[in-house]
Number of protein chains: 2
Amino acid sequence: MKHKFKPLDRAPVYVKVCNAIEEDILSGILKEGALLPTEAELCTQFGVTRSSVREGIRLLQQSGLVARGAAKRLVVKSPKASEIAETASRSMALGGATFGEVFETLAMLYPEAARIAAGRLSDEALGALCDVRDGLRDAPPGAADEIVSYAVEFFQQLASGLDNRVMLAMLQSLNLMIGASLRRVIDQTPNAHERILGAQSEIIEALKNRDKNQARAWMTKHIEDLRRGYVVAKVNLDARIL
Amino acid sequence: MKHKFKPLDRAPVYVKVCNAIEEDILSGILKEGALLPTEAELCTQFGVTRSSVREGIRLLQQSGLVARGAAKRLVVKSPKASEIAETASRSMALGGATFGEVFETLAMLYPEAARIAAGRLSDEALGALCDVRDGLRDAPPGAADEIVSYAVEFFQQLASGLDNRVMLAMLQSLNLMIGASLRRVIDQTPNAHERILGAQSEIIEALKNRDKNQARAWMTKHIEDLRRGYVVAKVNLDARIL
DNA sequence: ACATTATGATTGTCGGACAATGTATTTGTG
DNA sequence: CACAAATACATTGTCCGACAATCATAATGT
């Protein structure tokens, strides 16, 4: 019988360093907040030079698994939804995602999110939504930037209230991607202020009444209204987000 | 009047290197597939040492913006949906996402995805779905692994057919997260093979008829069926994915 | 006891060196 | 001349050593 060799692991050392540390984090040996050894210590433990260790650390750093904490020590981090959303949205933007794709996904997700929210939102979460609505109500007329930020913040608060980190990460990444384009839309839409305010109020009302269908319906209308804004503002839906 | 200084940029050099290159990619100066200079060349251009350049490259590398191409040269990459999905799902797993959160999100997204698919899926995409279904049909009984992979592949093909990279990335990340747990569920569910096969057939039928409501309804049933499997298999929905 | 200073540890950056590897060029041969 | 083989070259991966900057801790002075 012919002996067979396993393929050798020819990955660069810095990749191996990254994988080794990552493995211990994944397996729970290194829990969140744990301090990693110093670079010098890692060198002796792995038997490699500091350059390689440092390059490995950069890989871990960018994937959000470790960060420099107090006293510059390396601490194990567990990626937060907002960070995941940020890197995902950035990657999609770079990957050439278009307004159309983002908006369609938004239109697919948020009505369902509203339906779920109607059955779950805590009083605090509802209060936060009301605060956003009130902030929008009191916004000075013509302040497009403020209107946009309140509009996005409304989505943001709704997503937060769902108490589901996976949903939150996805919805947040959409919020990040839609933010920039929304500015253009609201700039050119008359009555944007009132229309958004009205939609938010109706949605809040439905959420308060725990009326899932109503919440979903109003969210659908709200988004449909935004979509019309895109048409009015002549945003090219095939254009890349940037 | 008191002169005011802007806060100095005290970021480490390797971060600046990363940002500088990233900026040129983002602004379109460096398009996808473009070759970056060699490390030595970057050193002279930035006026820093190779160590710093290399650490900066690691950051870019992990964020999926560059990769080593032919002849080891650095080439600009635009992140693909599958890569975004992979890093996102990994991050969420590390961030402590639970089966419950993933499954709830799945149950929220896929019925809507099916509805959209009914109005859009190309013949090729439908054919791919049929292929998956046929593969599942011909799978030997008791081959849990195969059943799982066909079940996931069905979701995968459906997502691909939507022709929306943002949706695709999100759905794919769910697929990755659900994969492992599905194995346990199907292992312990009697008739899983037939039930999944039946659901796939019904969904395909609805898609062929361009019947959005029917497609959505059957997908909902399909997922509800999987949910029952989770209960039967006594999967703790509050347990972390790992 | 508390503020200040000295000490030490650690990271960030530099410079140079060399082996491994893949590319490009030259050379040899029909 | 065409094509294969050998050579030279360029580039990355890895190592080593050094030092300034920064921050934490210990020592010191009042």
Side-chain angles (χ1 to χ4, degrees), chain A residues 5-25 30-77 83, chain B residues 5-25 30-77 83:
Chain A
F5 290 103
K6 276 179 284 187
L8 297 176
D9 181 8
R10 284 166 53 90
V13 175
Y14 57 84
V15 173
K16 291 182 186 171
V17 168
C18 170
N19 289 338
I21 298 176
E22 178 182 315
E23 201 174 308
D24 277 6
I25 295 176
L30 289 170
K31 298 176 210 281
E32 178 174 4
L35 291 182
L36 268 69
T38 65
E39 294 178 356
E41 177 66 17
L42 289 173
C43 292
T44 63
Q45 291 188 17
F46 286 122
V48 299
T49 50
R50 211 152 73 90
S51 315
S52 303
V53 167
R54 284 176 64 83
E55 291 187 32
I57 289 175
R58 297 298 157 254
L59 294 176
L60 288 170
Q61 190 172 314
Q62 191 66 10
S63 57
L65 278 175
V66 304
R68 293 274 176 210
K72 293 188 173 180
R73 292 293 299 274
L74 276 179
V75 296
V76 177
K77 254 185 23 171
E83 294 168 338
Chain B
F5 290 104
K6 276 179 283 187
L8 297 176
D9 181 8
R10 286 164 52 89
V13 174
Y14 58 84
V15 173
K16 291 183 186 172
V17 169
C18 170
N19 290 338
I21 298 176
E22 179 182 315
E23 201 175 306
D24 277 5
I25 295 177
L30 289 169
K31 298 176 210 281
E32 177 173 7
L35 292 182
L36 268 68
T38 65
E39 295 179 356
E41 177 67 18
L42 289 173
C43 292
T44 64
Q45 290 190 18
F46 287 121
V48 300
T49 49
R50 210 153 72 92
S51 314
S52 303
V53 167
R54 285 177 63 84
E55 291 186 33
I57 289 174
R58 297 297 157 252
L59 294 177
L60 288 169
Q61 190 172 313
Q62 190 67 11
S63 57
L65 278 175
V66 305
R68 293 272 174 212
K72 294 186 174 180
R73 292 294 298 273
L74 276 180
V75 295
V76 177
K77 254 186 20 170
E83 294 169 337

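Convention: sequence-line order gives letters A, B, ...; per-chain numbering from 1.
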A/Leu42 side chain reached by A/Val17 side chain, heavy atoms, under 4.5 Å
no

Within residues 9-20 of chain B: residues closer than 4.0 Å to DNA chain D (heavy atoms)
B/Arg10

Sequence neighbours excluded, every pair satisfying salt bridge (charged side-chain N to carboxylate O under 4.0 Å, His left out) that has a member inside residues 13-23 of chain A:
A/Glu22-B/Arg90

Can you tell me how far CD1 of A/Ile25 sits from CG of A/Leu36, rounded to the nearest 0.5 angstrom?
6.0 Å

Looking at every non-hydrogen atom in both residues, tell me the closest pair between B/Ser52 and B/Val13 and how far apart they are.
CB-CG1, 3.9 Å

Among residues 31-41 of chain A, which residues get a heavy atom nearer than 4.0 Å to DNA chain C?
A/Thr38, A/Glu39

Any side-chain heavy atom of A/Arg73 sitting closer than 4.5 Å to one from A/Thr38?
yes

Can you check whether B/Leu74 reaches B/Arg68 side chain to side chain, under 4.5 Å on heavy atoms?
yes

So, is B/Arg73 near the phosphate of C/dT23, with a side-chain N or O under 4.0 Å from OP1 or OP2?
no

Which nucleotide span of DNA chain D, 5' end to 3' end, has atoms closer than 4.0 Å to non-hydrogen atoms of chain A?
D/dG13 to D/dA24

Any residue in residues 47-65 of chain A with a heavy atom nearer than 4.0 angstrom to DNA chain D? Just list them by number, or reply none.
A/Val48, A/Thr49, A/Arg50, A/Ser51, A/Ser52

For residues 53-64 of chain B, which side-chain N or O atoms pair as donor and acceptor with protein atoms under 3.5 Å away, sequence neighbours left out?
residue, atom, partner, partner atom, Å
B/Arg54, NE, A/Glu55, OE2, 2.8
B/Arg54, NH1, B/Glu39, OE1, 3.2
B/Arg54, NH1, B/Glu39, OE2, 2.9
B/Arg54, NH2, A/Glu55, OE1, 3.2
B/Arg54, NH2, A/Glu55, OE2, 3.4
B/Glu55, OE1, A/Arg54, NH2, 3.2
B/Glu55, OE1, A/Arg58, NE, 2.7
B/Glu55, OE1, A/Arg58, NH2, 3.0
B/Glu55, OE2, A/Arg54, NE, 2.8
B/Glu55, OE2, A/Arg54, NH2, 3.4
B/Arg58, NE, A/Glu55, OE1, 2.7
B/Arg58, NH1, B/Gln61, OE1, 2.8
B/Arg58, NH2, A/Tyr14, OH, 3.3
B/Arg58, NH2, A/Glu55, OE1, 3.1
B/Ser63, OG, B/Leu59, O, 3.2
B/Ser63, OG, B/Leu60, O, 3.0

Compare every heavy atom of B/Cys43 with every heavy atom of B/Thr49, then report the nearest pair and how far apart it is.
C-SG, 3.7 Å

Could you grab the distance from atom CG of A/Leu30 to atom CG of A/Leu35, nearest 0.5 Å is fine?
10.0 Å

